[in-house]
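Step one of this worksheet: look at the structure below.
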Amino acid sequence: MPSTKYIFVTGGVTSSLGKGIVSASLATLLQSRGYSVTIQKLDPYINIDPGTLNPYEHGECFVTNDGAETDLDLGHYERFLNRPTSQSNNVTTGRIYQSVIDKERRGDFLGKTVQVIPHITDEIKRRIQILGNTGEFEIVITEIGGTVGDIEALPYIETVRQLKWELGEDCIVIHLTLIPFLAATGELKTKPTQHSVKSLQESGIQPDILVCRCEHPIGEDIRHKLALFCNVKKEAVIESIDAETIYAVPILMRNQRLDEVVLQRLDLPIEDNLDLVNWKDFLYKLKYPKYEVEIGLIGKYVELRDSYKSIAEAFIHAGAANECKVNIRWIHSENISNESADKHLKDLDGILVAPGFGERGFEGKLETIRYARENKIPFLGVCLGMQAAVIEFSRNVLGWKDAHSTEMNPKTKHPVIDLMEEQKKVEDMGGTMRLGANDCELLEGSLIAGVYKRSMISERHRHRYEFNNKYLKDMEKNGLIASGRNPELGLVEIVELKDHPWFVGVQFHPEYKSTVANPHPLFVKFVEAAGKKAASS
Ligand code: GLN
């Protein structure tokens with residue numbers, strides 16, 4: 001097999017320019033030409049992984065099949081490529097230093113002084129090449145988090161310099177930068193980009209391609225100027241104009257021939273085999289929906305929507321599958337009380353209670369679920385949302401007024417959600433939850449079995465607390481159905497309600513597995529149920 005090709009994506013001028021989306025879009029184009037591609041994210045922060053981070057810091061924590069808690073960009077990679085990622089696809093500075101320090105303690109460095117160059121950079125290099133060395137991928141795209149010039153990013157930039165030198169033709173660098181528009185003079189300005197490229201050059205890296213994020217088209221003159229000042233070919237100056245949806249970015253990149261410029265630089269054949277038919281079909285459905293539904297997303301981090309990124313994206317996929325536009329009403333659970341529930345929740349066609357941790361806003365989630373249950377509004381509870389559904393049922397149907405999760409009330413007489421035995425001994429917070437893919441057996445004839453159309457599924461988990469089987473019988477007698485169980489652990493993973501048109505709580509996170517090519521059936525059917533509700537009201 002020919003050697004793996006490496007593409008590095010760096011960012012300049014500001015953060016949040018969409019490196020993740022540009023990387024995913026390029027990968028989509030290359031994959032649509034038949035290349036096997038994966039994308040990796042290097043995060044310069046010191047945390048070992050984002051698992052212990054508050055969502056307000058970096059948004060949602062994405063979870064892979066192998067149970068890695070990762071940056072949310074990995075969610076985009078999977079949604080665009082329809083291919084699972086793993087722990088190797090996300091590396092942080094914390095993880096790099098931890099490996100190097102572990103080696104030092106073992107005496108692996110044989111008395112040498114351990115330094116950023118070569119020891120840290122060697123470890124970064126090793127992590128970058130792990131994916132290439134599997135032999136599974138022809139092209140590995142590595143996105144470097146942060147912005148060129150950040151102190152934290154220096155070892156990564158230095159590693160890119162070394163790899164570019166070592167790999168020669170097999171490695172290119174794409175620099176994503178901002179071309180601001182000065183409204184007062186009506187001009188697009190290239191100077192920040194020139195400075196940012198200079199800063200890369202000072203680190204010994206000449207970018208091969210510039211992707212220019214802009215609000216207005218950049219035109220021939222700007223292309224010419226950037227090519228001249230930054231030592232890149234004119235056709236390698238790519239415009240990345242603000243798009244209506246992130247899913248349109250591959251098409252915008254294609255119109256600029258980014259894929260061809262990349263393949264040419266990497267000396268890979270450009271055949272006439274680009275297949276974007278399904279992608280364009282998806283975009284068409286997104287653009288021309290036949291009807292709309294309004295779904296409430298009730299959570300406590302709604303001010304930062306990135307906290308629920310995968311859920312919001314799963315609704316986009318499910319909407320397109322139903323040829324319907326899903327309008328999400330973002331509702332703060334702290335605002336919901338028995339008195340205010342009607343004001344916030346009436347007119348909704350569906351209600352999703354989001355995952356989460358801790359006490360804040362929890363009572364509002366319970367009131368929301370009571371409202372959905374009593375008013376027969378299609379309901380989907382995800383992780384904490386499922387646990388809350390069990391607590392609500394225990395309190396308001398079974399009459400156990402103090403029912404709770406021991407996460408919020410360790411002293412409750414009715415711990416309907418409780419820690420598993422093996423979790424009771426756990427002291428560390430990082431990486432110790434039930435994480436990653438678990439099998440789940442579905443109850444024949446249940447609503448959920450109809451949703452998935454099979455009897456065994458695998459879904460990803462990220463939680464510490466579980467349904468307490470001690471109370472299952474009482475609940476079942478009163479109309480709760482445990483319709484999904486973990487075959488090895490016997491844990492209840494899915495609950496439904498008998499007297500309700502569409503009420504599902506899942507202990508796992510279905511949103512992590514929804515992709516453009518494979519919209520998640522649970523979201524597809526939930527949106528369909530919301531559509532029926534909308535049509536009947
Ligand atoms: N806090 C709950 C638990 O740890 C639910 C976690 C979640 O929603 N991801 O079990």
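Order of appearance sets the numbers: ligands from 1, and atoms from 1 within every ligand. Residues take their numbers from the sequence shown, with the count starting at 1.
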### Message
Any nitrogen or oxygen of G358 lying under 3.5 Å from a nitrogen or oxygen in ligand 1? Just yes or no.
### Response
no

#### Entry: Protein heavy-atom partner closest to atom 9 (N) of ligand 1 - residue, atom, separation in Å
R462 O, 2.9 Å

#### Entry: Protein residue, atom and distance nearest to atom 6 (C) of ligand 1, heavy-atom basis
G356 O, 3.4 Å

### Query
If you measure from each non-hydrogen atom of M433 to ligand 1, which part falls under 4.0 Å: side chain, backbone, both or neither?
neither

### Query
Hey, are E493 and R434 close enough for a salt bridge, meaning a charged N less than 4.0 Å from a carboxylate O?
yes

### Query
Where is the nearest protein heavy atom to atom 10 (O) of ligand 1: which residue, which atom, and how far?
Y465 N, 2.8 Å

#### Entry: Distance from atom 4 (O) of ligand 1 to nearest protein heavy atom, with residue and atom
R464 N, 3.0 Å

### Task
Check Q387, E459, R462 against Q507 for a side chain to side chain donor-acceptor pair (under 3.5 Å) and give me the one that passes.
Q387

### Summary
Of Y56, F357, W330, the one forming a ring-ring contact (aromatic ring centres under 6.0 Å, His included) with Y301 is Y56

### Message
Quick one, F393 and V416 - any side-chain contact, counting heavy atoms below 4.5 Å?
### Response
no

### Message
As an exercise, state the distance from CD of E143 to CD of Q40, rounded to the nearest 0.5 Å.
### Response
10.0 Å

### Summary
Heavy-atom nearest pair, A153 first then T147, reads CB-O, 4.2 Å

### Query
Is E323 paired with K290 through a side-chain N to carboxylate O contact shorter than 4.0 Å?
yes

### Query
With a cut-off of 4.0 Å, which atoms of ligand 1 are near a heavy atom of H509?
9 (N)

### Task
Among all protein heavy atoms, pick out the one at the shortest distance from atom 1 (N) of ligand 1; state its residue, atom name and that distance to 0.1 Å.
E407 OE1, 2.7 Å

### Message
I need the contact type for H463 against ligand 1. Using non-hydrogen atoms and a strict under-4.0 Å cut-off, is it side chain, backbone, both or neither?
### Response
both

## Note on the structure
Nearest non-hydrogen protein atom to atom 7 (C) of ligand 1, with distance, is C383 SG, 3.0 Å

### Query
Would E466 count as a contact of ligand 1 if the rule is a heavy atom under 4.0 Å away?
no

### Task
Compare every heavy atom of H520 with every heavy atom of P510, then report the nearest pair and how far apart it is.
O-CD2, 3.2 Å

